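What follows is a short report on a single structure.
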Amino acid sequence: MKLTPDPSAAKPFTRFWRATGFSPGELLLTPEMQRTLKLVAATPRQGVQYLRPHFMLNLVRETGPGRYDFTLLDEAMDVMVSNGFTPFFEIMGNPSGAFDFEAEGWPERWRDLVADMTRRFVERYGADEVSSWYFESWNEPDLPWWEHGEQAFLDYYDAGAAGLDAAQPGLRIGGPGTARTLSPMFKAFVAHCDTGTNRLTGEPSRLDFISVHEKGVEKSFEDIAPDSLGIVAREGQAIDYLRAHHPRLADLPLINNECDPQVGWWQHHTWRGTAYAAAMITKIIDQHQRLMRDGDTPFDMLFNDNGFMGDWGQRTHFTLFGGRSFSKAQSEHVTDLARIEELRAAPAFSLVKKPALAVMELLAQLGDQWLPLPDLTPDQEGPGAIATRHADGTWAVLCYHSRDQIRLSGPSTITLHLPGTEDDWDVLVLALDDIAPNPFAVWEAGGHPKPPVVPQLIAPSDAIDAMRRSAEPRARFCGRVTGPVALDVEVPLPSVALVLARPADDAVPAPPNPTLARIDGLNGPEMLVNWAGSDMVGLRHDVGVARGVGEPVSVLEAPLLANAYVFSPSEDTEVFVRAVALSGLTSDWIKAEPEAVS
Ligand code: 8U8
């Protein structure tokens, strides 16, 4: 298959998928989630920016009529904001269970609660920061998450909007985050926002975005195939409905904030721990670019609801070794504030990155100009590509091979010609596939060690470190080529392969500023080394160890795209980091200095 992206066809491109979510919000108080988020935040170029947790208001305590203690909510919000995430804040939960959404007078009390909370956010984080957030209604009010019917939901929405406006006019609010296509709740909500009046203010109802959830396939213990195109088809039904019945709302940004291949994050599907997930996520993003964003739809943003914590087969960014199981996260979930302190103390645990997060690092490298590839038919054939360029002329082309079939495999090659690439170019190809051992395969081959049942089954440090090394995108090629650049990019099914190409540059990258935190791993101390990466495309980092004298020795097979790494070096080791440019040229090794442990 030959590909020659045409620069004269370039269109603006935004990275509209940099968002994730999880449930429940109180996980933000756990060491497991705090470490998880520190590592997710290390995705370069803010590759994961928005976080959407459920049930955040369950962290608020009612201390008297209309009086609240926000301390736990503050703490949870701090975890998001201090890691650089932008909250996508569902106004969801019930402080101390104090609200009966069917009793007299609750909407006014809800409005005042939301106003108090929002004023506190503005005071704590500043009006500019809070203006960058999204506020959203209760999650999936068309499922048992909301049990009070349509009218109460509309009243609830009005009260929240009135509370936000009372505190800080102009904040962004939307909904309804419904789970079923064109459900009665969705229709009632958009009808109310189109022509209704806010029950509390008497003003017309307001709405800044519309959110829906469309996923590839229902939940099932079987590995049934997702229908990826079904996602855009059903989002299209929402758009058609709005155009036909509520044209005034039809141009509002449409967000699918749970755009997952399959419902049921907690059910185990091993493909979620392999390159199948990475390729499927890439394909779904590409489909949204080609079929929604490049069309005349207002499709704005998609989320992979990958922020949970759990095992290989669950919908998570990491596999959690040790730690605790947090499977009760859904509509049945009850927050027990009397036991909240238990969340803060975790048993020993270690994390291993999965391809679902590694692919976010690759996607983060894409540029701000998109070149359509009309000759490709990925939805029929499987191989596809998102071809982009950056303003400085750097090419970033993410090739993928994905089918809506879990058990198919086979080779394929995309021959990529990059026009206008005469002279010398620095080229880097990074890939995730299931041929080179992925972390799941390393775990499996190592006897699938699984804590915490008996000590001899606990995954030893070296086994966990081997999984971690294999979790990073593999470098297939790094070097200088004389143009025009033409590459045979292997894309076995399933896989993704990122091609970066920039005019040859002999500049040595600026050295990093690494810090080192000693953290508690499953088998004792681990090192979390991280650094503030610049936004330079294709910038990677090498992590090395040394004992006193001599050049540090890299602990990785290839430099990392991520801006953090965790491993278990021996006690007396010093840890060093160096920056690696797209050209392969490196900065000096810089010693990682200890940081206050978190
Ligand atoms: C359609 C559907 C049926 C059902 O029984 O439960 C659902 C639960 C359904 C759709 C969504 C749903 O919850 C959302 O999806 C979850 C998931 O596991 O797929 C989580 O990702 C979300 O937190 C939740 O909002």
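Everything numeric in this text was worked out from a predicted model, so none of it was measured. One-based numbering along the sequence shown. As the structure lists them, so they are numbered: ligands from 1, and atoms in each ligand from 1.
The closest approach between F22 and ligand 1 stays at or above 4.0 Å for every heavy atom of the residue. Using a 4.0 angstrom heavy-atom cutoff, R315 counts as in contact with ligand 1.
Near G264, meaning under 4.0 Å from any of its heavy atoms, are these atoms of ligand 1: 17 (C), 18 (O), 19 (O). Near N139, with a cut-off below 4.0 Å to any heavy atom, the atoms of ligand 1 are 24 (C), 25 (O). Those atoms of ligand 1 with a heavy atom of H54 less than 4.0 angstrom away are 22 (C), 23 (O), 24 (C), 25 (O). Counting the atoms of ligand 1 from 1 in the order shown, those under 4.0 Å from a heavy atom of D305 are 20 (C), 21 (O), 22 (C), 23 (O). Atoms of ligand 1 found under 4.0 Å from any heavy atom of W266 (numbered from 1 in listed order, with element): 18 (O). Ligand-side atoms of ligand 1 in range of F308: 20 (C), 21 (O), 23 (O), range being under 4.0 angstrom from any heavy atom.
The shortest non-hydrogen separation linking A345 to R324 is O-NH1, 3.3 Å. Listed here is the closest heavy atom pair of H401 and V491: ND1-O, 2.8 Å.
Inter-residue side-chain proximity for W133 and M77 is flagged as met; some heavy-atom pair is nearer than 4.5 Å. Within the 4.5 Å cutoff, side-chain heavy atoms of M360 are placed close to those of I281. Using a 4.5 Å cut-off on side-chain heavy atoms (C-beta onward), P24 and N58 make no contact. Between V79 and F85, the closest side-chain pair of non-hydrogen atoms is not below 4.5 Å. Counting only heavy atoms from C-beta outward, the side chains of N83 and K38 approach each other to under 4.5 Å.
Of the polar atoms of D260, none of the N or O atoms is found under 3.5 Å from an N or O of ligand 1, judged by distance alone.
Of the protein's non-hydrogen atoms, the one nearest atom 5 (O) of ligand 1 is K219 NZ, 3.3 Å. Of all protein heavy atoms, the one lying nearest to atom 7 (C) of ligand 1 is L143 CD1, 3.6 Å. For atom 18 (O) of ligand 1, the nearest protein heavy atom (residue, atom name, distance) is W265 N, 2.6 Å. Nearest protein heavy-atom neighbour of atom 16 (C) of ligand 1: Q330 OE1, 3.3 Å. E140 OE1, 3.1 Å is the protein heavy atom nearest to atom 12 (C) of ligand 1.
W138 pairs with exactly one of F153, F89, F101 by the ring-ring contact (aromatic ring centres under 6.0 Å, His included) rule, that one being F101.
With Y565 as the aromatic partner, R468 does not meet the cation-pi criteria of under 6.0 angstrom to the ring centre and within 45 degrees of the ring axis. Taking the ring axis of Y134 as reference, the NZ or CZ atom of R172 stays within 45° of it and closer than 6.0 Å to the ring centre.
Closest to atom 15 (O) of ligand 1 by heavy atom, among E214, K215, H213, is K215.
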